[in-house]
Amino acid sequence: MPAFRAPRGTRDLLPQDQLALGRLRALGEELAQRYGYHPIATPLFEQVAVFERGIGEVTDVIEKELFLLAPREEDGERWALRPEPTAGIVRAYVQHGMQTWPQPVKLTMTAEMFRYDRPQAGRYRSFWQFDVEAIGDPGPAVDAEIIELASRFYRRAGIKAFTILLNSIGDAACRPAYVAELTAYYREHVGELPPLERSRLERNALRILDSKDESIAALNAAAPKVTDRLCDACAAHFAAVREHLDALEVAYTLEPRLVRGLDYYTRTAFEIFPAGAMGQQSALGGGGRYDGLVELLGGRPTPGIGFGLGLDRVLLALREQEGGAGAIDAPEPTPVGVVVGSDPADTVTRLRVATDLRAAGLAARAELGQRKLGKQLEAAARDGAHFAVILGDELASGNVQLRDLEAGTQRAVALADLARELQRASISHRHGLAADRPEAMSD
RNA sequence: GUGGCCUUAGCUCAAUCGGCAGAGCAUCGGAUUGUGGCUCCGAAGGUUACGGGUUCAAGCCCCGUAGGCCACCCCA
């Protein structure tokens with residue numbers, strides 16, 4: 001075992017992982033741009049208060065999962081690594097006066113999040129989220145637009161079957177009364193509650209609702225439902241969101257017991273799961289409306305909605321459904337040419353020829369080790385290179401051998417024409433390959 | 001944060017009752033001094049996660065720690 005290893009709950013993304021993650025990031029960025037979202041980046045860490053105020057102090061994310069940074073000075077500011085992107089983006093919205101921009105302000109960010117949680121498969125202390133936020137639009141149309149965007153992302157990423165759970169959890173006008181009613185309901189049945197649920201009763205009764213404890217399943221089924229207690233405005237909003245989703249033919253499942261783990265959510269709330277894996281660490285993403293958040297963080301009352309999609313989990317789900325490496329793990333483009341030579345020691349010429357090819361815009365590699373030609377060619381072939389440029393005695397007359405590694409044929413080419421010849425050869429080569437290359441992420 | 005299972009070479013795994021730490025793959029080299037993926041041969045790679053304990057003797061038994069995983073919890 002090495003003396004040092006990646007910190008608990010973190011992992012190194014090796015080239016294959018980083019490549020696959022990069023494809024998901026690129027997909028998110030491309031979609032977000034197409035839907036009119038603009039890129040933003042906020043700091044990796046914020047004042048703790050940004051998260052406490054925004055997310056809510058009585059949430060697991062704040063109480064036990066916040067990744068706190070040790071301050072250098074006793075009276076210094078308290079900082080924490082971001083556990084989610086929304087609070088920081090809304091903080092930026094307020095700080096930069098984005099309420100004076102044309103509304104809504106639509107922002108997107110793909111970034112690493114941090115939660116000091118106990119690690120498990122699919123649950124890391126550092127993980128990637130593709131996030132979009134539409135601030136300044138009360139909906140309901142934008143609610144549907146955002147859910148449709150999430151849905152399209154999963155489809156294009158290659159997730160074959162997923163379920164969107166949808167709920168409305170009311171707003172300041174109706175949720176307090178509902179929570180009071182729910183608390184009263186559970187208080188009557190306090191004797192039937194397991195210890196964990198009992199401890200939640202007075203703090204956040206909503207949490208009891210989505211308990212997986214079998215012993216209170218019946219109790220939960222009989223509990224009053226949020227959706228039956230929405231005020232007229234919330235009920236109308238929720239109905240309109242569903243109407244828009246139906247019109248867009250986005251399938252969803254109503255889940256009246258869905259509550260989100262962050263306090264800032266109002267009205268629309270949704271979570272996405274791979275089909276048939278509705279528990280554990282499998283949620284692929286989630287989001288919702290946060291009409292009170294901008295004000296909580298010091299801005300004017302402004303509605304907003306957004307989602308965060310867990311890219312690590314999308315990757316896990318893709319590999320799971322393929323039973324290993326899937327389309328997302330398509331190999332990296334191979335170098336067109338590798339420059340090898342009969343004189344192992346002559347790295348100068350090999351490097352110079354490769355450099356010229358690169359300057360001409362070609363993907364080329366030179367064998368810089370001093371092994372003999374056979375080994376050089378062997379390495380070039382295993383690299384997946386299409387062509388080998390072989391430097392030998394012909395160099396004296398200005399020629400090199402251009403060898404097609406797949407066909408096993410070669411011909412002499414003047415060094416001066418090498419870039420042009422290689423360019424032409426690689427184009428016909430690529431055309432020949434196009435047929436059996438799978439389209440990884442298409443609509 | 002709670003409970004449980006696991007940890008042997010870079011990877012996947014062997015190792016009889018507690019009795020010499022091994023294989024396949026991968027890596028590097030040779031067969032092959034100017035021609036590749038196959039094949040054959042060889043080399044390198046280990047504080048058996050770490051720290052204690054029991055024993056003539058520990059990869060194996062006991063205790064602790066770390067990490068991973070599973071179920072909770074929570075979510076992404």
Side-chain angles (χ1 to χ4, degrees), chain A residues 1-11 14 55 59-65 82-86 110-131 150 165 194-197 199-200 204 207-208 210-214 258-262 269 271-274 278-287 307-317 338 340-346 367 369 371-395 400-410:
Chain A
M1 187 57 55
F4 298 108
R5 53 185 166 185
R8 180 172 201 202
T10 70
R11 65 220 193 288
L14 303 184
I55 296 168
T59 58
D60 277 10
V61 171
I62 295 303
E63 283 185 327
K64 51 178 236 196
E65 296 170 10
R82 56 183 172 213
E84 56 88 52
T86 308
T110 300
E112 220 166 355
M113 305 297 149
F114 303 86
R115 294 190 195 176
Y116 198 82
D117 207 352
R118 183 155 161 181
Q120 223 169 299
R123 183 163 77 186
Y124 308 111
R125 286 183 172 182
S126 134
F127 55 97
W128 285 86
Q129 271 194 18
F130 163 50
D131 180 84
L165 300 182
L196 175 69
E197 318 303 342
S199 72
R200 287 167 162 167
N204 197 342
R207 298 242 73 92
I208 305 177
D210 62 354
S211 167
K212 291 180 197 75
D213 198 313
E214 290 291 325
L258 172 69
V259 295
R260 302 277 296 148
L262 316 179
E271 287 180 5
I272 301 95
F273 289 88
M278 218 84 76
Q280 303 87 38
Q281 282 65 244
S282 58
L284 297 174
F307 67 59
L309 308 189
L311 299 187
D312 310 84
R313 290 200 179 159
V314 172
L315 210 48
L316 274 176
V338 173
V340 300
S342 60
D343 177 4
D346 187 11
E367 172 63 53
R371 41 189 176 180
K372 58 188 186 182
L373 183 58
K375 291 290 177 189
Q376 296 183 36
L377 278 166
E378 188 179 326
R382 280 191 298 185
D383 228 22
H386 300 152
F387 297 94
V389 175
I390 304 172
L391 311 183
D393 299 334
E394 317 85 307
L395 214 49
V400 299
Q401 293 290 333
L402 181 57
R403 180 175 180 82
D404 183 325
L405 287 168
E406 274 172 36
T409 56
Q410 68 185 47

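A note on names: the letters A, B, ... follow the listed sequences, proteins ahead of strands, and every chain is numbered from 1. Values in this document were obtained by computation on a predicted structure and should not be read as measured data.
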Worksheet item: Does a nitrogen or oxygen in the side chain of A/Arg118 sit under 4.0 Å from OP1 or OP2 of B/C73?
Response: no
Discussion item. Without decimals, in angstroms, what is the distance between A/Glu367 CD and B/U35 C1'?
Written reply: 14 Å
Item to complete: Report yes if the side chains of A/Val340 and A/Val389 come closer than 4.5 Å at any heavy-atom pair, otherwise no.
Response: no
Worksheet item: What is the distance from CZ of A/Arg123 to C1' of B/C73, rounded to the nearest Å?
Response: 7 Å
Worksheet item: Using purine N1 to pyrimidine N3 plus N6-O4 or O6-N4 for Watson-Crick, or N1-O2 and O6-N3 for G-U wobble, each under 3.5 Å, what pairs with B/G34?
Response: none
Worksheet item: Considering Watson-Crick and G-U wobble pairs with both distances under 3.5 Å, what does B/G22 pair with?
Response: B/C13
Worksheet item: Under 4.0 angstrom, heavy atoms only, what part of the nucleic acid is A/Glu112 near: base, sugar-phosphate, or nothing?
Response: nothing
Item to complete: Side-chain contact test, heavy atoms from C-beta onward, threshold under 4.5 Å: evaluate it for A/Leu377 versus A/Leu405 and give yes or no.
Response: yes
Discussion item. I want to check one thing: is the phosphate of B/U27, taken as OP1 and OP2, less than 4.0 Å away from some side-chain N or O of A/Lys375?
Written reply: no
Worksheet, complete the sentence: On RNA chain B, more 5' by nearest nucleotide between A/Gly308 and A/Ala6 is A/Ala6
Worksheet item: What integer number of Å spans the C1' atoms of B/C38 and B/C5?
Response: 43 Å
Discussion item. Please classify the nucleic acid contact of A/Gly341 as base, sugar-phosphate, or nothing, using heavy-atom distances under 4.0 Å.
Written reply: nothing
Fill in: Spacing between A/Leu373 atom CG and B/G29 atom P, to the nearest angstrom
14 Å
Item to complete: Provide the Watson-Crick or G-U wobble partner of B/C73, both distances under 3.5 Å; none if there is no partner.
Response: none
Discussion item. Rounded to whole Å, please give me the gap between CG in A/Asp343 and C1' in B/U33.
Written reply: 11 Å
Worksheet item: Tell me, do A/Pro85 and A/Gln129 make a side-chain contact under 4.5 Å, heavy atoms counted?
Response: yes
Item to complete: Provide the distance between the two P atoms, one in B/U2 and one in B/A44, to the nearest whole Å.
Response: 47 Å
Worksheet item: Between B/C13 and B/A9, how far is it from one P atom to the other, in whole Å?
Response: 11 Å
Discussion item. Given B/G1, B/G68, B/G36, identify the nucleotide with an atom nearest to the side chain of A/Leu405.
Written reply: B/G36
Worksheet, complete the sentence: Re B/U48: Watson-Crick or G-U wobble partner, both distances kept under 3.5 Å, found to be none
Worksheet entry | Spacing of A/Phe130 atom CZ and A/Leu311 atom CG [to the nearest 0.5 Å] | 8.0 Å
Worksheet, complete the sentence: Assign each of A/Ala385 and A/Phe127 the nucleotide of RNA chain B bearing its closest heavy atom; nearer the 5' end lies the nucleotide of A/Ala385
Discussion item. Testing the basics here: between A/Gly392 and A/Ser342, what is the closest heavy-atom pair and its distance to 0.1 Å?
Written reply: CA-OG, 3.5 Å
Item to complete: Both distances under 3.5 Å, Watson-Crick or G-U wobble: report the partner of B/G67, or none.
Response: B/C6
Item to complete: Just call it for A/Gly369: base, sugar-phosphate, or nothing, with non-hydrogen atoms closer than 4.0 Å on any strand.
Response: nothing
Worksheet, complete the sentence: Picking from B/C70, B/C28, B/A76, the nucleotide nearest the side-chain atoms of A/Arg115 would be B/A76
Fill in: Contact summary for A/Pro274 and A/Ser282, nearest pair of heavy atoms
CD-O, 3.3 Å
Worksheet, complete the sentence: Closest heavy-atom pair, A/Arg125 versus A/Tyr116, reported as atoms and distance to 0.1 Å, is NH1-CE1, 3.4 Å
Worksheet item: What is the minimum heavy-atom distance between A/Phe273 and A/Leu284, and which atoms define it?
Response: C-CD1, 4.1 Å
Worksheet item: Rounding to the closest angstrom, what is the interatomic distance between B/A58 and B/G51 at atom P?
Response: 15 Å
Practice prompt. Determine the Euclidean distance between corresponding P atoms of B/C25 and B/C70; express it in Å to zero decimal places.
Written response: 30 Å
Worksheet item: Base, sugar-phosphate, or nothing for A/Leu311, non-hydrogen atoms under 4.0 angstrom?
Response: nothing
Practice prompt. Could you check which of B/C28, B/U35, B/C69 has an atom nearest any side-chain atom of A/Leu377?
Written response: B/U35
Practice prompt. Write down the distance between CG (A/Leu395) and P (B/G34), rounded to a whole number of angstrom.
Written response: 15 Å
Worksheet item: B/C17 and B/C11: how far apart are their C1' atoms, nearest whole angstrom?
Response: 31 Å
Worksheet item: Going by atom types only, do A/Gln401 and A/Glu394 share a side-chain donor-acceptor pair under 3.5 Å?
Response: yes
Worksheet item: NA contact type, A/Asp393, heavy-atom cut-off 4.0 Å: base, sugar-phosphate, or nothing?
Response: base
Worksheet entry | Short side-chain N/O contact from A/Gln376 to OP1 or OP2 of B/G36, under 4.0 Å | no
Write out a two-atom table: protein N or O, nucleotide N or O from nucleotides 24-26 of chain B, distance below 3.5 Å.
none

Worksheet item: How many Å lie between OH on A/Tyr124 and C1' on B/C69, as a whole number?
Response: 11 Å
Item to complete: Please state the P separation for the pair B/G19 and B/G1 - nearest whole angstrom.
Response: 38 Å
Discussion item. Rounded to the nearest 0.5 Å, what separates atom CZ in A/Arg123 from atom CZ in A/Arg115?
Written reply: 10.5 Å
Discussion item. Between P on B/A76 and CD1 on A/Ile55, what's the gap in Å once rounded to a whole number?
Written reply: 10 Å
Worksheet item: Hey, does A/Gly374 reach any base, or is it just sugar-phosphate, or nothing, if we go heavy atoms under 4.0 Å?
Response: sugar-phosphate
Discussion item. Checking contacts here: which listed nucleotide (B/A71, B/U33, B/G67) is nearest the side-chain heavy atoms of A/Arg5?
Written reply: B/G67
Discussion item. Without decimals, in angstroms, what is the distance between A/Asp117 CG and B/G67 C1'?
Written reply: 16 Å
Discussion item. For B/C28, give the paired nucleotide (Watson-Crick: N1-N3 plus N6-O4 or O6-N4; G-U: N1-O2 and O6-N3; both under 3.5 Å), or none.
Written reply: B/G42
Item to complete: Could you work out the separation of B/U48 and B/G22 based on their P atoms and round it to a whole Å?
Response: 13 Å
Worksheet, complete the sentence: Ranking B/G29, B/C69, B/G67 by distance to the side chain of A/Arg8, first place goes to B/G67
Worksheet item: Does OP1 or OP2 of B/U35 have a side-chain N or O of A/Arg403 closer than 4.0 Å?
Response: no
